[in-house]
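Take a look at the structure below.
When reading the values below, keep in mind they use all heavy atoms of this one structure, side chains included, and skip hydrogens, waters and symmetry mates. In the text below, chain A, chain B and the rest are named by the order of the sequence lines, each starting its count at 1.
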Amino acid sequence: MVRDLRATLVGRRIDSVEVLRSDVLRVPAPDVLPAILVGQRVAGVDRRGKFIMVELDSADHLVVHLGMTGHLLVTAAEAPLPKHTHLRAGLDDGRELRFDDTRRFGRVAYGSPSALQDARVLPRLGLEPLAAGFSQEAFDSVMRRTTRTVKAALLDQAGVAGLGNIYIDEACFVARVRPTRRSHKLTRAERVRLRVAIQTVLLNAIANRGSSVDDYRDIWNAQGSNQEALQVYGRGGEPCLVCGTVLRRTVVAGRTTVYCPHCQR
DNA sequence: ACCTACCTGGCC
DNA sequence: GGCCAGGTAGGT
């Protein structure tokens with residue numbers, strides 16, 4: 001999404017802003033946001049963990065988290081407004097950037113990254129799994145310092161940023177590690193496999209343009225294809241694609257979790 | 001380190 | 001009507 005947004009938005013000027021549902025906007029107040037944004041051009045688009053950061057020429061950022069059902073869409077300005085569109089920004093090319101979110105677990109905020117941290121919109125985020133800093137040493141230190149399950153440790157965005165329920169189960173399968181294992185008890189070899197698996201799973205998902213299991217759509221409202229490549233997520237009770245053993249479905253760290261009891265130890 | 005609430009919609 | 005869902009803040 002960030003790559004597509006960058007190619008589409010950088011250099012565009014915001015000509016209008018409408019906040020249709022103010023409770024998704026954390027900061028600033030919904031009535032002042034339009035005046036702040038209108039006239040600004042998009043300077044860049046980046047990502048930190050699951051947060052999409054649209055930088056404007058003021059150097060402040062429009063920050064978006066999609067939650068479970070959020071969408072950031074680029075549409076024609078005259079395209080019909082779906083029921084759960086909460087914010088729209090008209091661009092100087094006749095298109096619109098829209099934030100849409102059925103369950104409203106997502107959120108939008110605008111400000112400097114440090115002010116957004118102070119406002120507790122941006123939490124403390126850990127290692128970026130696709131950046132150079134994701135070394136074995138750094139990952140080891142994250143995993144060794146907690147007694148929680150591997151699943152819980154990886155769900156915590158302060159350790160490794162950006163992993164969610166789907167990709168954690170997939171990475172654990174590729175690494176042949178049960179998500180129920182205690183994080184600090186993994187062997188060095190298991191942590192190496194897990195680190196590599198996290199990167200492999202994420203890079204594949206990106207290459208496949210995302211996992212449209214349910215609601216995920218790209219900025220053109222198109223589905224990805226990575227849901228077809230998932231090996232365990234959503235497959236509880238079905239045979240393991242490697243060994244044929246029935247995949248086990250349980251709840252770990254409060255989340256539905258699927259693993260192969262034979263391949264994963 | 002865990003548990004619940006926050007929302008809407010789809011399915012049984 | 002009840003249960004479940006890609007996430008996370010805030011409480012205990």
Anything below 3.5 Å on both distances counts as a pair; with that, list the stems of at least three consecutive Watson-Crick or G-U pairs involving DNA chain C.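 Stems for DNA chain C, defined as runs of 3 or more consecutive pairs: B:1-6 with C:7-12, B:8-12 with C:1-5.
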Which nucleotide in the set C:dG7, B:dA1, C:dA5 lies at the smallest distance from any side-chain heavy atom of A:T256?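 My answer, after comparing the listed nucleotides, is C:dA5.
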Applying the 4.5 Å side-chain criterion to the ILVMFWY set and letting contacts propagate, would A:L127 and A:F51 be lumped into a single cluster?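 A:L127 and A:F51: separate clusters.
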For A:Y233, report the nucleic acid contact type (base, sugar-phosphate, nothing); a contact means any heavy atom under 4.0 Å.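 Sugar-phosphate: the residue A:Y233, judged by heavy atoms under 4.0 Å, touches backbone atoms but no base.
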Under 4.0 Å between any heavy atoms, over every strand shown, what does A:G254 touch: base, sugar-phosphate, or nothing? Just pick one.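 Counting heavy atoms under 4.0 Å across all strands, no contact is made by A:G254.
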Atom [atom1] of [X] and atom [atom2] of [N]: how far apart are they, to the nearest Å?
X      : N      : atom1 : atom2 : value
A:L155 : B:dT4  : CG    : P     : 17 Å
A:I166 : C:dA5  : CD1   : C1'   : 10 Å
A:R255 : C:dG7  : CZ    : C1'   : 6 Å
A:D23  : B:dC6  : CG    : P     : 13 Å
A:R26  : C:dG7  : CZ    : P     : 17 Å
A:D214 : B:dG9  : CG    : C1'   : 10 Å
A:R107 : C:dG7  : CZ    : P     : 12 Å
A:M68  : B:dG10 : CE    : P     : 15 Å

Heavy atoms of other groups near A:R3 CZ, more than 12 under 6.0 Å: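 Not more than 12 within 6.0 Å, no.
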Between the side chains of [Y] and [X], is the shortest nitrogen-to-carboxylate-oxygen separation below 4.0 Å, so that they form an ion pair?
X      : Y      : value
A:R255 : A:D169 : no
A:R103 : A:D101 : no
A:E128 : A:R47  : yes
A:R120 : A:D118 : no
A:R107 : A:D23  : no

Does [X] make a side-chain N or O approach to OP1 or OP2 of [N] shorter than 4.0 Å?
X      : N     : result
A:Q157 : C:dT8 : yes
A:T69  : B:dT8 : no
A:H65  : C:dT8 : yes
A:H84  : B:dC7 : no
A:K83  : B:dT8 : no

Does A:R104 or A:R182 map to a spot on DNA chain B nearer the 5' end, using the closest nucleotide for each?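 It is A:R182 whose nearest nucleotide is closer to the 5' end.
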B:dC7 base to A:R103 side chain: any donor-acceptor pair below 3.5 Å?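 Yes, a donor-acceptor pair under 3.5 Å.
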C1'-based separation of C:dA9 from B:dG9 [nearest Å]: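 About 23 Å, rounded to a whole number of Å.
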Check the geometry between A:F105 and B:dC6 and answer yes if their rings are stacked (centres below 5.5 Å, planes below 30°), otherwise no.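 A:F105 ring centre within cut-off of B:dC6 base, planes near parallel; stacks.
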Ring centers of A:F134, A:F139 separated by less than 6.0 Å: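 Here the rings of A:F139 and A:F134 have centres that are less than 6.0 Å from each other.
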